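Notes follow the structure.
When a residue number appears, it is its place in the shown sequence, counting from 1. Source: prediction; values computed, not measured. Indexing begins at 1, ligand by ligand and atom by atom, following the structure's order.
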Amino acid sequence: MTAPGLLEHITSPGDLKVLPDSALPELAAQIRRRLIDVVSRTGGHLGPNLGVVELTIALHRTFDAPHDAIIWDTGHQSYVHKMLTGRDGRLGQLRTAGGLSGYPCRTESDYDIVENSHASTALSYADGLSRGFQLTGRGRRVVAVVGDGALTGGMAWEALNNLGASDRPVVIVLNDNGRSYDPTVGALSRHLRQLREGAACSNVLVSLGFGYIGPIDGHDFKALHRAFGRARDQDGPVVVHVVTRKGKGYPPAEQDEADRMHSVSPARTPTAVVPGDRKPARSEAWTKVFGGELAAVGEERSDIVAVTAAMRLPTGLGPFGERFPHRIIDVGIAEQHAVTCAAGLATSGLHPVVAIYSTFLGRAFDQVLMDVGLHRLPVTFVLDRSGVTGPDGPSHHGIWDVSLLRGVPGIRIAAPRDAIRLRELLREALAHEDGPTVLRYPKGDAPLPVGVHTRVGPVDLLTAHRPDAQVLLVSSGALATVAVESADRLASMGVSVTVADPRWIHPVAPELMSLVADHRVVITLEDNAIGGGLGAALSMAAHLEGLSSRVIPLGLPVEFVPVGERATLLSDYGLDADHVVDTVLAARWRRGSKHAAPTLVGS
Ligand SMILES: Cc1ncc(C[n+]2csc(CCOP(=O)(O)OP(=O)(O)O)c2C)c(N)n1
Ligand SMILES: CC(=O)[C@@H](O)[C@H](O)COP(=O)(O)O
Ligand SMILES: [Mg+2]
């Protein structure tokens with residue numbers, strides 16, 4: 001008999017603390033049912049959250065949040081924490097604009113501290129917070145929940161080095177489910193397995209100065225309460241090694257060989273069908289196109305090796321890895337190491353491909369600059385999730401890569417506009433041996449192919465370059481579809497526009513500058529922060545060349561872009577045909593223009 005809804009009566013950890021132990025298994029069952037029901041609709045991190053139901057309940061019954069600071073490393077496993085801190089009613093709006101963030105969010109709740117969804121930061125926060133509480137005399141405890149995957153990140157060990165030498169009462173809950181997406185790699189994973197199995201071995205955490213409690217069954221409330229109670233009462237830093245199952249309680253997740261349903265998407269829309277086509281014109285996922293082409297190149301060239309930071313499948317390296325198991329390297333969630341390891345691979349005469357989400361490469365900028373760029377090494381970075389991604393919110397949009405990477409001497413950056421160009425540009429990048437190359441493309445499906453009118457050097461003209469055209473649209477990557485649509489609309493108004501896709505957006509090609517010089521108004525479209533992207537580059541080049549062309553950069557502002565759907569956010573920030581057309585008309589008919597404004601067709 002199912003007890004009346006326990007979950008709906010929990011509005012804070014206080015309500016949780018008064019429940020009898022006997023009610024906890026039913027509460028856990030209700031939380032699991034709700035997670036499966038909601039997340040299968042909204043999309044999100046189902047597997048990780050199913051794995052921390054008992055852990056989260058026991059944490060909030062043992063510690064006194066928000067007075068005690070509970071930090072969730074990466075934060076993707078914080079849905080249960082949100083359900084138990086008064087936000088269960090909003091779970092249906094998970095990962096939607098204006099809804100509930102898929103990560104901790106300070107504006108949502110005082111119980112949330114770290115919003116950044118980049119892994120391996122929690123222990124550094126714990127070190128800083130605990131030092132601050134000690135210095136300011138506030139007797140607040142710090143609890144950091146860190147996954148075994150996040151513990152493969154270098155920052156975690158920088159923090160452990162500091163925490164282990166301290167006497168501060170920091171509780172580290174090591175949530176060990178043996179996986180990131182894939183099974184967690186490396187010596188640490190082997191060591192944790194030894195600890196889980198009670199092997200006779202020294203404990204590296206104890207050697208670093210931590211108390212160690214474990215291994216604990218992370219789904220056994222009695223064991224959890226006993227362990228967390230002991231940790232709470234310890235003086236110095238302590239690690240509670242909790243062993244959990246990712247996807248626990250939902251067999252399709254528990255048995256999911258790929259990644260235990262680490263991140264599930266809401267139902268996908270059917271493939272796009274172009275009117276009049278006999279067969280549906282298939283749009284292809286960018287990731288899949290890349291993965292297939294890399295495997296094909298791998299057949300042709302034995303010097304190609306792939307490097308991933310614990311995201312083999314999400315970055316599309318599955319096919320390459322299956323075909324060439326000895327030429328794929330998973331370094332764990334360790335992007336800095338991934339890049340400099342790739343520098344080593346390149347120095348050995350290979351051509352490494354580092355496949356990584358745009359937002360995560362930011363963490364390894366120094367390694368790109370100094371370990372790859374300074375040595376002009378042939379490393380190709382393939383940045384998936386570049387530009388606005390969507391439901392993962394501010395710390396996942398890949399909108400800084402162009403601005404950061406343009407500062408690396410000798411680097412070349414390409415932005416394919418569709419699957420055909422991705423295949424083409426990947427091969428061009430892999431053929432470039434005199435320094436680093438970058439390909440960047442967004443999350444989701446590549447647009448239907450956008451054909452070439454004329455190739456001018458490396459630049460594709462997507463429309464004719466008519467002598468009377470006063471306006472040049474320069475689009476980066478997938479925004480070519482917006483540029484072409486805008487040009488079509490303007491043509492129907494009698495405004496002729498030239499559309500160019502540079503393909504290689506950095507450095508700026510001389511042929512592109514010639515096109516700029518031929519047009520009075522140049523509008524750039526980029527899915528990147530305009531502070532340092534294509535628009536900024538063209539503006540500066542035009543100025544330095546003394547051109548009279550007026551460059552108007554359209555792109556993302558230097559802001560943290562919120563949670564939302566990619567198409568909606570792009571439109572919100574003016575990266576759609578409506579705004580481009582308005583911008584052209586406004587710029588073209590600016591004071592001093594020798595042309596009368598056109599009659600708007602069909603207005
Ligand atoms: C710097 C960084 N790299 C990659 C990711 C992508 N990512 C999100 S969760 C995850 C796996 C985390 O594994 P673990 O810490 O063990 O947590 P679990 O999902 O197993 O609970 C990865 C690689 C990230 N968020 N941050
Ligand atoms: C938490 C994290 O960083 C990843 O799991 C991320 O959410 C995956 O993003 P995609 O869903 O776009 O692959
Ligand atoms: Mg894990």
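- Close contacts between ligand 1 and H118 involve ligand atoms 26 (N) [criterion: under 4.0 Å to a heavy atom].
- Within the 4.0 Å heavy-atom cutoff, M311 does not count among the residues contacting ligand 2.
- Of all the heavy atoms of H45, none lies under 4.0 Å from any atom of ligand 1, so neither backbone nor side chain is involved.
- In terms of protein heavy-atom proximity, atom 10 (P) of ligand 2 is nearest to R385 NH2, 3.5 Å.
- Short contacts between ligand 1 and N177, defined as distances under 4.0 Å to a heavy atom of the residue, involve ligand atoms 18 (P), 20 (O), 21 (O).
- Residue D176 does not count as close to the Mg ion (ligand 3), with no N, O or S atom under 2.8 Å.
- For atom 6 (C) of ligand 2, the nearest non-hydrogen atom from the set H396, K443, Q77 comes from H396.
- Heavy atoms of D392 come nearer than 4.0 angstrom to ligand 2 in at least one pair.
- Nearest to atom 13 (O) of ligand 2 among the protein's heavy atoms is Y357 OH, 2.6 Å.
- Any N or O atom pair closer than 3.5 Å counts here, and R95 shares no such pair with ligand 2.
- In summary, R179 places an N/O/S atom under 2.8 Å from the Mg ion (ligand 3), meeting the contact criterion.
- A salt bridge does not link E565 to R95: none of the charged side-chain nitrogens sits closer than 4.0 Å to a carboxylate oxygen.
- At a 3.5 angstrom cut-off on N or O pairs, A119 counts as close to ligand 1.
- When only interatomic distances are considered, the shortest N/O to N/O separation between H76 and ligand 2 does not fall below 3.5 Å.
- Remark: aromatic rings of F360 and H118 are close, center separation under 6.0 Å.
- The distance between the ring centers of Y103 and H396 falls below 6.0 angstrom.
- For atom 25 (N) of ligand 1, the closest non-hydrogen atom of the protein is S117 O, 2.8 Å.
- Residues L383 and I356 form a side-chain contact, since some pair of their non-hydrogen atoms from C-beta on lies under 4.5 Å apart.
- Any N or O atom pair closer than 3.5 Å counts here, and G149 shares at least one such pair with ligand 1.
- Among the atoms of A150, some N or O lies under 3.5 angstrom from an N or O of ligand 1.
- A salt bridge between R260 and E254 is absent, with no side-chain N of the basic residue lying under 4.0 Å from a carboxylate O of the acidic one.
- In this structure, Q93 places its CD atom where more than 12 heavy-atom neighbours from other residues, nucleotides or ligands lie under 6.0 Å away.
- Judged by the shortest distance from any of its heavy atoms, Q77 lies outside the 4.0 Å radius around the atoms of ligand 1.
- Between the Mg ion (ligand 3) and S180 there is no N/O/S contact shorter than 2.8 Å.
- Here the shortest heavy-atom distance to atom 1 (C) of ligand 1, taken over M155, R363, H396, belongs to R363.
- Any N or O atom pair closer than 3.5 Å counts here, and Y181 shares no such pair with ligand 1.
- Residue S117 has no nitrogen or oxygen atom sitting less than 3.5 Å from a nitrogen or oxygen atom of ligand 2, judged on distance alone.
- Between K82 and D88 there is no salt bridge, since no side-chain nitrogen of the basic residue lies less than 4.0 Å from a carboxylate oxygen of the acidic one.
- The contact set between ligand 1 and M311, taken as ligand atoms under 4.0 Å from a residue heavy atom, comprises 4 (C), 6 (C), 23 (C).
- Checked against a 3.5 angstrom limit, the closest N/O atoms of D148 and ligand 1 fall inside it.
- Heavy-atom distances between P314 and ligand 2 stay at or above 4.0 Å for every pair.
- Not close to ligand 2: H118, with no non-hydrogen atom less than 4.0 angstrom away.
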